[in-house]
Amino acid sequence: MPTEFCPLCGHHGEPHDLFCRACGGALTDDARAGGAIVEAESLVTRGMLAEAIATIQRAIGQSETADLHVALATLYLRRGSAGGARREIEAALALDNNNAVAHAYMGGILLNAGEAEHARARLDLARDLAPNDLIVLMKRAEYWLRLGIFDNARHEIALGLQDGGGAPHVRAMAEMMLATIERRSKNSFSRQLVTLPRLGGIRRLVGRSQDEAEGSVEVEVTR
């Protein structure tokens with residue numbers, strides 16, 4: 001039996017319905033959030049960033065969700081407001097601390113603020129929460145690209161694309177990002193982390209035993 005009425009037209013809804021079968025109105029918070037985000041994306045493609053921000057802000061006022069705060073953060077980043085974006089990501093995580101995309105965006109914000117170590121920790125957490133999420137992998141690729149470690153950046157994007165997930169516009173952005181990685185990696189120095197054996201003989205020259213010198217050390221090289 002129907003358990004809900006559409007707030008727009010009064011039509012009876014079935015328990016599993018996300019949208020009204022009569023008028024198409026959203027019946028759940030998730031549906032309302034998704035509709036607002038799609039509308040905002042459409043506005044952005046038409047160059048109407050302020051209107052897109054207002055759309056998400058109205059949706060948050062009606063029914064606050066973590067995804068809406070993340071969406072608003074991305075719009076603030078487009079506007080160049082890092083502070084506003086960070087506040088929205090913090091609000092998203094206050095609602096859902098397991099939101100992988102929010103953690104990934106926080107990683108990007110921390111990276112832009114020069115906090116590379118904290119950014120890496122956030123991005124690792126995002127991967128642990130959603131290892132196949134294309135947006136998470138794109139933010140991780142952005143991290144490696146910023147450091148000039150192209151192979152790692154390429155791997156992150158390729159991993160996300162091969163899974164087949166992600167919305168079409170997100171996949172298009174990922175493919176563009178992969179093309180950017182390929183272009184920048186040509187005729188450029190690429191930094192890698194490699195593992196080298198400790199030089200036991202050299203360490204013995206300064207009075208250390210071979211046993212103390214065994215093991216390996218990670219160093220960064222440029223190629």
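For the pair His103 (side chain) and Asn97 (backbone), a donor-acceptor distance under 3.5 Å is present. Looking at Thr180, its side chain does come within 3.5 Å of a backbone N or O of Met176 through a donor-acceptor pair.
For the residue pair Ala71 and Ile56, the shortest heavy atom distance occurs at CB-CD1, 4.3 Å. Between Ala102 and Val70, the shortest heavy-atom contact is CB-CG2, 3.8 Å. Of all heavy-atom pairs spanning Leu68 and Ala36, the tightest one is CD2-CB, 4.2 Å. Gly107 approaches Ala119 most closely through the heavy-atom pair O-CB, 3.2 Å. In plain terms, the two heavy atoms of Glu142 and Gly108 that are nearest each other are OE2-CA, 4.4 Å. Scanning all heavy atoms of the two residues, the minimum distance from Tyr143 to Ala116 falls at CE1-O, 3.8 Å.
Side-chain contact between Ile181 and Trp144 is absent, with no heavy atoms from C-beta onward closer than 4.5 Å. Between Leu72 and Ile53 the shortest side-chain heavy-atom distance falls below 4.5 Å. Residues Arg140 and Asp124 meet the side-chain proximity criterion, which asks for heavy atoms closer than 4.5 Å. In this structure the side chain of Leu43 never reaches within 4.5 angstrom of the side chain of Leu49, judged on heavy atoms. Asn112 has its side chain within reach of Arg146: a pair of non-hydrogen atoms, C-beta onward, lies under 4.5 Å apart. Counting only heavy atoms from C-beta outward, the side chains of His69 and Leu93 never approach each other to under 4.5 Å. Using a 4.5 Å cut-off on side-chain heavy atoms (C-beta onward), Leu75 and Glu88 make no contact. With a 4.5 Å cut-off on side-chain heavy atoms, Glu90 and Met106 count as touching.
The CE atom of Met173 sits 4.5 Å away from atom CE of Met138, with the distance rounded to the nearest 0.5 Å. Put simply, CG on Leu111 and CG on Leu123 are 7.5 Å apart, with the number rounded to the nearest 0.5 Å. Interatomic distance, CD of Glu39 versus OG1 of Thr55, reported as 4.5 Å (0.5 Å rounding). Taken to the nearest 0.5 Å, the CG atom of Asp133 stands 12.0 Å off from the NZ atom of Lys139. With values rounded to the nearest 0.5 angstrom, Thr65 atom OG1 is found 6.0 Å from Ile37 atom CD1. Taking CD of Gln162 as the reference point, atom CD1 of Ile157 lies at 12.0 Å (rounded to 0.5 Å).
Qualifying side-chain hydrogen bond (donor to acceptor under 3.5 Å, both in side chains) partners for Glu115, counting only residues two or more places apart in sequence or in other chains: His118. Scanning for side-chain contact (heavy atoms from CB on, under 4.5 Å) contacts around Asp96 gives Ala66, Asn98, Asn99, with sequence neighbours left out.
Just one of Gln57, Glu64, Arg58 meets the side chain to side chain contact (heavy atoms under 4.5 Å, CB included) condition when paired with Ile60; it is Glu64. Between Leu145 and the options Arg184, Glu156, Arg154, a side chain to side chain contact (heavy atoms under 4.5 Å, CB included) holds for only Arg184.
Tracing side-chain contacts under 4.5 Å through hydrophobic residues (I, L, V, M, F, W, Y), one never reaches Leu125 starting from Val101; they form parts of separate clusters. No chain of hydrophobic side-chain contacts below 4.5 Å, direct or via other Ile, Leu, Val, Met, Phe, Trp or Tyr residues, connects Leu129 to Tyr105. A continuous path of Ile, Leu, Val, Met, Phe, Trp and Tyr side chains, each step under 4.5 Å between heavy atoms, connects Tyr76 with Val44, placing both in one hydrophobic cluster.
Counting Ile, Leu, Val, Met, Phe, Trp and Tyr side chains that sit under 4.5 Å apart, directly or through other members, Leu95 stands alone, with no cluster partners.
The number of heavy atoms from other shown groups lying within 6.0 Å of CE (Met48) is above 12.
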